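One structure is given below, encoded as structure tokens.
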Amino acid sequence: MNTPLGEIGPGQFLAEYWQKKPCLVRQAFPGFKPLVNGDDLAGLACEEMAEARLVRGSFEAADWRLEHGPFNKDTFRQLPENCWTLLVQDVEKHYAPLQELVHQFSFIPDWRLDDLMISFAATGGSVGPHFDQYDVFLLQAEGKRRWRIAVDYDPELLPDCPLNVLRSFTAEHEWVLEPGDMLYLPPGVAHHGVALEPGMTWSIGARAPSAADLLQGLGEWLAFSADEGGRYSDPGLQPASRAGEIDRQTLQDLQEMMRSKLDDTDSLHPFLAAFMSRFRLANEPASPPDVTNMVDVAAALMNGATLMRNPWTRLTWFEVPGGARLFSTGQPYDCSVELAEALCGHIYPRIDPNVLDEVSLEVITRLVNTGQLLIEMNQR
Ligand code: SIN
Ligand code: CO
């Protein structure tokens, strides 16, 4: 498969740059033609479902203003000529064909990939110098944008500012990106992009949970189990001697109780895979009103229907004896490794109905009935 890494192959990119240092790839996408334009983005930013932001201001004037969508047509009619940026998250989930683009980054495991955020900036538009917690591939889709970056910088943020903007910023490198060029930045590298002319930057972002995210998720997961993961007990309690004291042995016992949850691989691994299949997902597929059954699904597939993964479905899986445990937006399914791979491999999973076993058909039917998979009757 072609990767957007130019001369650098995935192996070299991961070994030398991933999470280590910035990487500029000129013409990562030669002759790049964006499938959506600024008007499409503005239209999407008016939708209730979309997560959109409008940033106005400049680093020089330190006059930042942030508004959250949904917006309306008047918002865009009233915008000044310069110095604004419209940003929309999860665009590949709203425009499913854009999933093909994200798919080109699948040298990174799917569970690490987050979304395609598109920003449209007027000349001078910027979100200010800042740093992110995530890896990002900044693909210039239209127009020219100048990116300045710094690895060593003062992390202090501008006070009383609605955005996370650095108070001061001195660039170590700068590049002007043109359509098709791409800049990879690992977490923590400060960057400042300024549009030299109206245009779009498409950001393919990675996702990485913090320990706080995981432990909070684990807490919520345990809270839903019948016994809440067990409860502290102290049948050997001795009379308390010093007011307010929680003694070291008790702290040790509480820590041990927590550790026993973390050491329970059989339940922790399913939790982690389920957690990652929902982490940072802004929406979840809704169940369709009509429930179908295995016979109808099999008949539809035999008649040439195709399956489409709901763009808001997120899948993870790991191998278990005899097959795979698949998690679709938090829910577990046992199936074959082949089915797990087929469902994850493409937004239109290639399933041969002639070799479909009963377990696979049942999993597909359950995924259809929960809205995770859609059946398209017309042949593509
Ligand atoms: C932008 O597209 O203007 C901002 C993207 C980023 O800095 O991560
Ligand atoms: Co950024």
Side-chain angles (χ1 to χ4, degrees), residues 19 21-24 28-29 32 34 36-38 40-42 44-45 50-60 64-69 79 82-92 98 101-102 105 113-151 153 155 157-158 161-167 169 171-208 280:
Q19 299 240 299
K21 59 182 183 187
C23 179
L24 174 71
F29 290 84
F32 186 75
V36 298
N37 59 28
D40 297 326
L41 199 68
L44 182 55
E51 199 182 319
R53 290 167 292 157
L54 184 60
V55 174
R56 303 181 210 206
S58 70
F59 184 53
E60 293 70 29
W64 300 106
R65 231 175 100 183
L66 169 68
E67 287 162 80
H68 290 275
L79 281 172
N82 295 329
C83 295
W84 57 265
T85 307
L86 171 69
L87 307 105
V88 185
Q89 302 290 147
D90 289 310
V91 184
E92 88 290 6
L98 290 176
L101 178 100
V102 177
F105 291 82
L113 289 174
D114 196 357
D115 75 331
L116 169 64
M117 179 188 81
I118 299 188
S119 71
F120 179 89
T123 303
S126 164
V127 299
H130 65 280
F131 59 93
D132 299 311
Q133 305 290 349
Y134 303 99
D135 306 79
V136 67
F137 295 90
L138 299 162
L139 164 63
Q140 194 58 26
E142 185 189 79
K144 293 182 188 168
R145 201 173 291 200
R146 186 194 62 215
W147 286 97
R148 293 182 160 148
I149 68 158
V151 174
Y153 57 90
L157 300 178
L158 201 63
C161 177
L163 302 167
N164 284 337
V165 174
L166 294 172
R167 185 200 276 268
F169 180 70
E172 294 165 1
H173 298 281
E174 91 167 51
W175 302 279
V176 173
L177 266 65
E178 302 199 11
D181 293 343
M182 189 173 79
L183 176 62
Y184 160 75
L185 296 176
V189 173
H191 49 289
H192 186 199
V194 179
L196 302 183
E197 57 191 41
M200 287 187 290
T201 298
W202 292 17
S203 303
I204 295 91
R207 153 173 20 109
R280 282 167 61 87

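Numbering of residues begins at 1 and proceeds along the displayed sequence. Excluded from the calculations below are hydrogen atoms, water molecules and symmetry mates; all remaining heavy atoms, backbone and side chain alike, are included. Counting starts at 1 for both ligands and their atoms, following the listed order. Keep in mind that this is a model prediction, so the values were computed, not measured.
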CG (N37) with more than 12 external heavy atoms under 6.0 Å: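 Yes, CG of N37 has more than 12 neighbouring heavy atoms, counting only those of other groups under 6.0 Å.
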Working for ring-ring contact (aromatic ring centres under 6.0 Å, His included), residues F32 and W202: CA-CA 12 Å; F32 186 75; W202 292 17; 5.3 Å; yes
Count of N, O or S atoms belonging to protein, less than 2.8 Å from the Co ion (ligand 2): 3
Distance-only polar pair, side chains of D115 and Q89, donor-acceptor under 3.5 Å: yes
Member of T201, V194, L24, V176 meeting the side chain to side chain contact (heavy atoms under 4.5 Å, CB included) criterion with W147: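 Option passing the side chain to side chain contact (heavy atoms under 4.5 Å, CB included) with W147: T201.
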Kindly give the heavy-atom pair with the smallest separation between [X] and [Y], and that separation in Å.
X: P22; Y: I149; result: CG-CD1, 3.5 Å
X: E51; Y: D90; result: OE1-OD2, 4.4 Å
X: T123; Y: P198; result: OG1-CD, 3.2 Å
X: V88; Y: A45; result: CG2-CB, 4.1 Å

When you pair each N or O of ligand 1 with protein N or O atoms, which pairs come out under 3.5 Å?
unit_1, atom_1, unit_2, atom_2, d
ligand 1, 2 (O), S119, OG, 2.7
ligand 1, 2 (O), R145, NH1, 3.3
ligand 1, 3 (O), R145, NH1, 2.8
ligand 1, 7 (O), H130, NE2, 3.0
ligand 1, 7 (O), H191, NE2, 3.1
ligand 1, 8 (O), D132, OD2, 3.4

R280 to Y134 six-membered ring, cation-pi geometry met (6.0 Å, 45°):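 The answer is yes, since R280 meets both limits relative to Y134.
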